[in-house]
Amino acid sequence: MKDQIPYKIFLEESELPKAWYNVRADMKNKPAPILNPATLQPVTVEDISPVFCEELAKQELDNDTKFVPIPQEILDFYKMNRPSPLVRAYYLEKMLGTPAHIYYKFEGNNTSGSHKLNSAIAQAYYAKKQGLKGVTTETGAGQWGTALSMACAYFDLDCKVYMVKVSYEQKPFRREVMRTYGASITPSPSDTTNIGRKMLEEFPGTDGSLGCAISEAVEAAVSTPGYRYVLGSVLSQVLLHQSIIGLETKTALDKYGIKPDIIIGCAGGGSNLGGLMAPFVGEKLRGESDVRILAVEPKSCPSLTRGKYLYDFCDTGRVCPMAKMYTLGHSFMPSANHAGGLRYHGMSTIISQLYEDGYLEAISVEQTSVFEAAQMFARTEGILPAPESSHAIRAAIDEALKCKESGEAKNIVFGLTGTGYYDLTAYKKYNDGEMTDYIPSDEEIANSLAKLPKVE
Ligand SMILES: *Cc1c(COP(=O)(O)O)cnc(C)c1O
C-alpha cells in the first residue's frame with residue numbers, strides 16, 4: 001500500500017464537498033448557549049442580527065441541521081484553490097527515521113496564506129446576499145484580515161479592518177496586501193470608536209489586543225448603517241465552514257484506504273482544528289471510531305490546558321455575547337515575546353464541550369520548540385510553515401518519534417494551516433538565537449480568571 005500512495009493526494013473538482021458538516025448535530029451534549037450579557041438569557045437570532053448577517057446568525061445558533069448545502073457561488077470560489085492537497089510527508093518521515101506515516105492537509109495555497117479564506121468567502125457571500133454595503137472585522141496576525149479582504153473584493157463589498165496595533169506596525173506588508181484588495185485598515189486601539197478612545201486614555205501607548213480590536217469592529221458595525229461584523233475564528237459558524245477541510249481529508253484518506261490513528265491541529269480559537277476533525281469526531285460521537293484527536297496550543301496562551309470551562313466575555317469591551325468556553329479570562333494578555341499567533345483568551349464552544357466530554361486531548365508547547373519543528377519541516381518538505389501551523393508540526397513530529405521507539409507504523413494526520421512569509425521577524429529571532437519562551441505563572445492566570453463574570 002505504502003508505495004501506491006502518491007506524494008500528494010489531489011481530489012477531483014467533482015469531489016469537492018457540496019455541503020458543510022455541522023458536528024453539533026451529532027453532539028449529545030450541545031455546546032452551552034451563548035448569552036445576552038444584559039439579560040443572561042440565551043441569545044436569539046433577533047438579538048444578534050444587528051451584529052451578524054442574518055443567515056450567519058441562524059448558522060451560529062443551529063445545533064440540529066447536520067449538513068448545510070454550500071451555495072453554488074461559494075463552490076465556484078472554492079474551486080480556485082480547492083480541493084486542497086493532502087500530502088504524505090515522506091521526506092520528514094525519512095529524516096526522523098520513523099515507521100509512522102505522516103500526512104498534512106495543506107491550506108496555505110492561496111494569497112491569504114491560510115485556511116481562513118474558507119470562512120471569509122462564506123461570510124462575505126451571506127453579507128452580499130443580504131444587500132449589505134460592507135463588513136467590519138479585527139485582525140491580529142493579519143491572516144484573517146487578508147482573507148476577508150480577498151473575499152470582499154470578490155463580492156464587491158466594503159471591508160473595514162481593525163488591526164491590533166503591534167501587528168499593524170510590525171507587519172506593514174500585510175497591510176499593503178489588504179489595501180490592494182480594497183480594504184481600509186485602522187490600527188487598534190483607535191480614536192474612531194468609544195471603546196478605542198477609552199483604551200487609549202486608560203492605557204496610553206498600548207500595543208492593543210485581539211479582544212479590544214473585536215470590540216472596536218463590533219462598535220463600528222452596529223453604528224454604521226448597512227454594515228455587519230464578521231469574525232474569523234471561535235464562532236460555531238466558522239467551524240461549520242471550515243468543515244470542508246476535514247471532509248476533503250476524509251475523502252482523500254478513504255480513497256487510499258488509510259485509517260488515521262491520530263488527527264492533530266493547532267488551536268487558537270479552534271476553527272482549523274474544528275474543521276479538520278469534524279467528520280472524524282462525528283464518527284467518534286456516533287461510536288464508529290476511536291481515532292485520537294489532539295489540540296496543540298502555545299504554552300504562553302494555554303486556554304484548554306490551563307484555563308477554566310466557564311462563561312466569559314468574548315472581547316475586552318464586553319460588547320459581545322458571553323460564551324461558556326475554556327478561557328484564561330477576557331483580560332488575559334499574552335506576553336509580548338509570544339510570536340506565534342494563537343493568542344485568543346478563549347476557545348470555540350464546540351471544542352470546549354468536546355474537550356470537557358473527553359473526545360479530544362490537548363497539549364501545550366513552547367515557542368522555541370515550535371520554531372525548531374518549523375525549521376525541520378521547511379528543510380525536509382520545502383514549505384515555510386506559519387508559526388501557528390508549526391504547533392501542529394511539533395506535535396506530529398513528537399508522535400512520530402514515539403512511533404520510532406515503539407516501532408508502530410501509525411497514521412498521523414495534521415493540519416498545515418498556512419505559510420509563514422509574513423512571520424519572518426519571528427523566524428529571524430529564532431535564527432539569531434534570540435527567541436525565548438514565556439510561560440505565565442499560576443498567579444497571573446488566577447488574577448485574570450478572577451475577573452470572569454459570575455454566571456452560574
Ligand atoms: C488564524 C490561524 C490559526 C489559528 O486559528 P484557529 O481558529 O485556531 O484555527 C492557525 N493557523 C493559521 C495559519 C492561522 O491563520
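Counting convention: from 1, in listed order, for ligands and their atoms alike. Numbering of residues begins at 1 and proceeds along the displayed sequence.
- Put simply, the side chain of T419 does not reach to within 4.5 Å of the side chain of L384, judged on heavy atoms.
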Next on the checklist: Would R82 and E248 count as a salt bridge (Lys or Arg N to Asp or Glu O under 4.0 Å) here? Give the steps.
Outcome noted: CA-CA 9 Å; R82 310 201 68 86; E248 284 182 9; 2.9 Å; yes
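- At a 4.0 Å heavy-atom cut-off, ligand 1 touches S114 through the side chain alone.
- Summary of contacts: the protein heavy atom closest to atom 1 (C) of ligand 1 is K116 NZ, 1.3 Å.
- H115 counts as a contact of ligand 1, since one of its heavy atoms falls under 4.0 Å from the ligand.
- In this structure, the protein non-hydrogen atom closest to atom 7 (O) of ligand 1 is S233 OG, 2.4 Å.
- H241 and Q123 share no donor-acceptor pair across their side chains, judged by distance under 3.5 Å alone.
- Looking at atom 4 (C) of ligand 1, its nearest protein heavy atom turns out to be L342 CD2, 3.4 Å.
- In terms of protein heavy-atom proximity, atom 11 (N) of ligand 1 is closest to T417 OG1, 2.6 Å.
- The N/O atoms of C266, backbone and side chain alike, include none that comes under 3.5 Å of an N/O atom in ligand 1.
- Residue-level proximity to ligand 1 for A141 is absent, since no heavy atom of it falls below 4.0 angstrom.
- Every atom of ligand 1 with a heavy atom of E388 under 4.0 Å away is listed here by number and element: 10 (C), 11 (N), 12 (C).
- Between F377 and F414, the ring planes lie perpendicular to each other; the angle is over 60°, past the 30° to 60° tilted range.
- Y309 carries K324 over the face of its six-membered ring, with the cationic atom under 6.0 Å from the centre and within 45° of the normal.
- Between Y21 and F67, the ring-plane angle classifies as tilted under the 30° and 60° cut-offs.
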Next on the checklist: salt bridge (Lys or Arg N to Asp or Glu O under 4.0 Å), that's the test. Do D62 and R24 meet it? Break it down for me.
Outcome noted: CA-CA 8 Å; D62 184 347; R24 287 170 285 174; over 6 Å; no
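- Close contacts of ligand 1 with G418, meaning ligand atoms under 4.0 Å from a residue heavy atom, involve 13 (C).
- The cationic group of R88 does not satisfy the cation-pi geometry with Y7, failing either the under 6.0 Å distance to the six-membered ring centre or the 45° limit from the ring axis.
- Counting only heavy atoms of the protein, atom 8 (O) of ligand 1 lies nearest to G268 N, 2.7 Å.
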